[in-house]
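What follows is a short report on a single structure.
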Amino acid sequence: MYAVVLLVCCSWVALLCPSVQAYENLALKKSAWQSSTWRSYTAERAVDGRYTDLWWNGGQCAGSVERKTAEWWVDLGGVKYIHHVFIQYATGNWVWDENNDYTGYFLGFSVYISNTTNKEDGVLCFRDTSYTRATIPNPVNITCPYHGRYVIYYNNRTHPPYPEGYSKYVYIELCEVEVYGCPTPGRYGENCSLLCPENCHCDVIGKTCVECVPGYKGHLCYEECAGHTYGLECKQSCGNCSGGVECDHVTGSCPKGCDAGLYGDKCDFECGGHTYGLGCNQSCGNCSGGVQCDHVTGICPNGCVAGMSGDKCDLECGGHTYGLECKQSCGNCSGGVQCDHVTGSCPKGCDAGLYGDKCDLECDGHTYGLGCNQSCGNCSGGVQCDHVTGICPNGCVAGMSGDKCDLECGGHTYGLECKQSCGNCSGGVQCDHVTGICPKGCDAGLYGDKCDLECDGHTYGLGCNQSCGNCSGGVQCDHVTGICPNGCVAGMSGDKCDLECAGHTYGVECKQSCGNCSGGVQCDHVTGICPNGCDAGMYGDRCDLECGGHTYGLGCKQSCGNCSGGVQCDLVTGICPNGCVAGMSGEKCDLECAGRTYGVECKQSCGNCSGGVQCDHVTGNCPNGCDAGMYGDRCDLECGGHTYGLGCKQSCGNCSGGVQCDLVTGICPNGCVAGMSGEKCDLECAGRTYGVECKQSCGNCSGGVQCDHVTGNCPNGCDAGMYGDRCDLACDSYTYGVECKEVCGNCSNGIPCHHVDGSCPSGCDAGAYGATCKQSCGNCSTGEPCHHVDGSCPSGCVAGAYGVTCKESCGNCSNGDTCNDVDGSCPYGCDVGVYGKTCDKACQSGRYGLSCAKDCGQNCQGCNRFNGVCEFGCHPGWTGTFCEKKSNYVFRYFL
């Protein structure tokens with residue numbers, strides 16, 4: 001690859017040329033776009049050929065809204081050969097100098113040439129990195145000898161901090177963008193009349209090939225791409241063309257198709273979609289995991305899906321096999337047919353004794369035979385019968401017999417192998433063949449499902465329905481007659497022990513007498529218990545026990561539990577012999593202490609209970625809390641720990657010296673700590689005060705906010721001109737403003753400026769002006785100082801300068817005259833080659849001479865702006881210095 005050298009005027013750093021050549025404006029009235037639009041000031045206004053009014057809203061400039069980025073482009077309608085770009089930025093019709101706000105918006109701009117609307121796809125022509133508001137030119141010519149379709153203007157403010165003079169945001173504000181170059185592709189030279197070498201995008205100035213068309217290479221682009229390469233700069237590689245032939249050097253397409261396993265015009269795509277081979281016309285869709293087979297051979301890299309075999313997985317499983325790698329064997333399919341090669345299922349069912357899709361499961365669930373449709377559920381132990389014949393291998397369940405266990409027991413037998421005999425069934429009927437149960441009951445004196453059990457549980461007779469439960473020792477009576485063999489239980493008498501004791505007797509053989517029952521009634525015949533209770537002072541079921549457990553009286557139901565020492569009261573009267581426990585009084589100790597007393601004999605007085613209520617009669621505790629200033633269960637303790645009031649729940653921790661406040665009112669006896677006020681010291685200092693007793697005043701806090709009530713520090717900084725934690729110190733050392741960050745200007749005699757607004761009390765030093773004396777005087781006549789307030793020069797400007805402050809430079813006035821020192825106008829017009837109010841604009845295309853008042857010859861392709869000479873050539877058929885003569889020769893050329 002050859003290096004490409006770009007020939008530009010001036011230098012790469014500037015890329016700005018003092019003059020232009022006679023190329024055509026390729027951008028005029030072309031389609032344009034911008035990243036945002038202000039009202040009707042669309043992108044096309046920058047290519048409409050009008051820019052006599054440079055005010056942003058004068059109708060001749062494109063305008064955008066305020067943004068961090070601004071982008072504008074023009075579509076040249078096709079790839080063009082460009083020489084240079086002319087940009088006229090808005091000025092507001094003001095003088096273009098460092099005081100013009102538009103300079104700050106223009107600084108930092110870039111220009112790109114691209115074949116797409118994306119600047120990153122193209123080439124950077126120019127990026128401003130060094131201009132200032134005082135040095136940036138307007139208009140500007142940028143030499144850019146490239147070819148492309150889109151010319152892109154870009155500016156941004158996305159990476160602060162920015163150089164001095166840069167605006168915070170950017171605007172487009174383009175009044176005109178002219179793109180000069182050759183309108184016809186393949187042309188170069190000043191008149192675009194020379195042909196570039198064939199296959200070459202040449203430099204618009206010279207014959208050097210900047211870039212070859214796709215498919216060619218070399219210094220002059222004569223060589224076709226080779227070595228299996230093609231396209232732009234021959235950087236793209238060909239695919240695998242059939243027979244190894246070379247691909248097309250421009251498109252990369254293969255003339256005779258692709259090698260096996262590849263497809264596409266350029267044969268650079270491997271077969272996919274489960275195809276392979278020549279033209280990708282062969283199918284290989286059975287690879288494991290759905291992966292693509294080898295695009296050339298069709299071989300599956302990781303084996304086959306279930307049911308397929310072979311390198312290419314194109315053979316179904318056979319030989320009674322199925323599944324992955326055909327390693328699983330089929331079951332017993334009916335008729336011995338092959339099972340499904342993938343699932344192993346049998347298409348026509350199973351042999352006898354088998355079931356399941358794969359016929360690999362023996363009949364179960366007590367079935368057998370063809371389709372497992374026959375039942376054999378009576379095998380011993382619940383085991384499965386033979387899945388083919390139905391025979392039980394270990395015999396039958398109880399009650400069944402036969403090879404298949406399908407016959408019930410008979411002949412008064414039942415159970416396993418029918419070896420057990422039935423019991424004494426009523427009427428001699430057959431018992432149940434499995435359980436031996438009698439269906440119609442038992443003979444007299446017997447019971448049970450099998451009628452093989454004698455009556456028990458103190459019953460006898462037919463069905464064991466008669467009771468004989470009172471036999472001595474709990475023995476069973478005769479199961480037929482009901483007679484007790486060993487006598488009766490206590491309280492009962494008679495042969496069958498069915499008579500209760502009477503005549504005030506109870507117990508065994510009715511030999512025990514009743515106790516002291518109330519009213520002398522009969523006691524219980526078995527236990528001797530009195531049914532209606534006991535006489536007074538007695539208790540117990542049989543009324544043979546005296547009252548105890550601190551009870552007395554009838555039925556021992558009255559309580560006397562408060563006797564001193566826990567002794568028993570009199571069992572009849574309830575009187576305590578030795579007095580009462582603490583908190584109680586009276587003969588029976590049944591009265592609680594009252595009259596604000598408590599304790600033993602009610603001799604202790606209650607504390608300061610809230611509302612003067614009675615304390616607990618035993619402990620002396622107050623039930624509803626204490627009076628204000630007191631605490632403790634008995635309300636006998638004063639508040640402490642910087643608390644006061646009811647329940648000692650109010651805080652008074654800000655007393656001077658940390659002393660305790662009044663326990664009832666909370667008042668601090670010796671005043672408050674610093675920053676607090678009020679009798680209870682619970683109010684922070686306010687009204688811009690702080691400190692002890694709030695007697696100190698706050699400083700100059702920003703916004704007049706309250707300072708810290710304890711320290712006096714300002715929370716949000718100070719007012720302008722002040723500093724310090726408390727904002728009580730004025731700026732010094734020639735500083736002023738917020739946080740004293742501003743530096744004083746050039747005040748007269750070097751005295752400090754005002755600490756708040758930076759003003760100089762005695763005016764400015766010579767050569768400086770303005771409220772803060774930070775602005776420098778212009779070029780005043782005789783070098784005298786300017787006015788210290790507005791910067792005006794009292795005796796006018798030096799020659800060559802103009803304006804109120806004499807900071808503007810005169811243009812090129814006629815005969816070298818000096819311009820008017822007020823408005824910069826030239827008294828006798830402009831010199832040759834320039835025009836405008838201040839004679840600082842180069843003649844527009846087609847104009848020349850004094851004040852650009854003359855038109856170039858009508859047959860001229862662009863004249864010299866000073867003398868009108870047609871230095872860029874004549875239209876075809878004309879010649880002469882001013883193209884005023886008809887030519888006798890006709891030059892023809894062919895594309």
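Only this structure's heavy atoms are used, side chains among them; waters, hydrogens and symmetry mates stay out.
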If you take all heavy atoms of [X] and [Y], which pair is closest and at what distance?
{"X": "Cys501", "Y": "Met492", "value": "SG-N, 4.2 Å"}
{"X": "Met584", "Y": "Cys593", "value": "N-SG, 4.1 Å"}
{"X": "Gln420", "Y": "Gly415", "value": "OE1-CA, 3.7 Å"}
{"X": "Glu546", "Y": "Leu571", "value": "OE1-CD2, 3.6 Å"}
{"X": "Gly645", "Y": "Cys639", "value": "O-SG, 3.9 Å"}
{"X": "Met538", "Y": "Cys556", "value": "O-SG, 3.8 Å"}

Interatomic distance, [X] atom [atom1] to [Y] atom [atom2] [nearest 0.5 angstrom]:
{"X": "Gln650", "Y": "Thr665", "atom1": "CD", "atom2": "OG1", "answer": "10.0 Å"}
{"X": "Leu646", "Y": "Tyr631", "atom1": "CG", "atom2": "OH", "answer": "15.5 Å"}
{"X": "Cys438", "Y": "Asp443", "atom1": "SG", "atom2": "CG", "answer": "8.5 Å"}
{"X": "Glu587", "Y": "Asp570", "atom1": "CD", "atom2": "CG", "answer": "11.5 Å"}
{"X": "Cys488", "Y": "Lys496", "atom1": "SG", "atom2": "NZ", "answer": "12.5 Å"}

(message) Using a strict SG to SG cutoff of under 2.5 Å, would you count Cys385 and Cys376 as disulfide-linked?
(response)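 Yes, Cys385 links to Cys376 through a disulfide.
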
(request) May I ask you to check whether the SG atoms of Cys661 and Cys655 are separated by less than 2.5 Å? (result)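 Cys661 does not pair with Cys655 as a disulfide (SG atoms not under 2.5 Å apart), so no.
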
(message) Quick check on Asp636: does its CG atom have over 12 non-hydrogen neighbours (other residues, nucleotides or ligands) under 6.0 Å away?
(response)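 Correct, the count exceeds 12.
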
(message) Suppose we screen for side-chain contact (heavy atoms from CB on, under 4.5 Å). Which residues come up paired with Ala674, at least two apart in sequence or across chains?
(response)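 Per chain and number, Ala674 pairs via side-chain contact (heavy atoms from CB on, under 4.5 Å) with Val692.
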
(request) Take Leu446 and Glu454 through the side chain to side chain contact (heavy atoms under 4.5 Å, CB included) test and state the conclusion after the steps. (result) CA-CA 4 Å; Leu446 296 161; Glu454 291 185 352; 4.2 Å; yes

(request) Walk me through it: do Cys530 and Cys514 pass the test disulfide (SG to SG under 2.5 Å)? (result) CA-CA 8 Å; Cys530 293; Cys514 295; over 6 Å; no

(message) Run the side chain to side chain donor-acceptor pair (under 3.5 Å) test against Glu325 and tell me which residues pass, sequence neighbours left out.
(response)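 Partners of Glu325 under the side chain to side chain donor-acceptor pair (under 3.5 Å) test: Lys327.
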
(message) Using a 3.5 Å distance criterion without hydrogens, assess whether the side chain of Gln660 forms a donor-acceptor pair with backbone atoms of His642.
(response)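 Confirmed, Gln660 side chain pairs with His642 backbone.
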
(request) Find out whether Asn394 and Val383 are in side-chain contact, i.e. whether some heavy atom of one side chain is under 4.5 Å from a heavy atom of the other. (result)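 Touching, per the 4.5 Å side-chain cut-off.
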
(request) Not counting sequence neighbours, list each pair that qualifies as a side-chain hydrogen bond (donor to acceptor under 3.5 Å, both in side chains) and has a residue in residues 368-387. (result)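 Found Asp386-Thr389.
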
(request) Applying side-chain hydrogen bond (donor to acceptor under 3.5 Å, both in side chains), run through Asn621 and Tyr598 and close with a yes or a no. (result) CA-CA 9 Å; Asn621 291 349; Tyr598 74 97; over 6 Å; no

(request) Take Cys363 and Cys372 through the disulfide (SG to SG under 2.5 Å) test and state the conclusion after the steps. (result) CA-CA 6 Å; Cys363 293; Cys372 301; 1.8 Å; yes

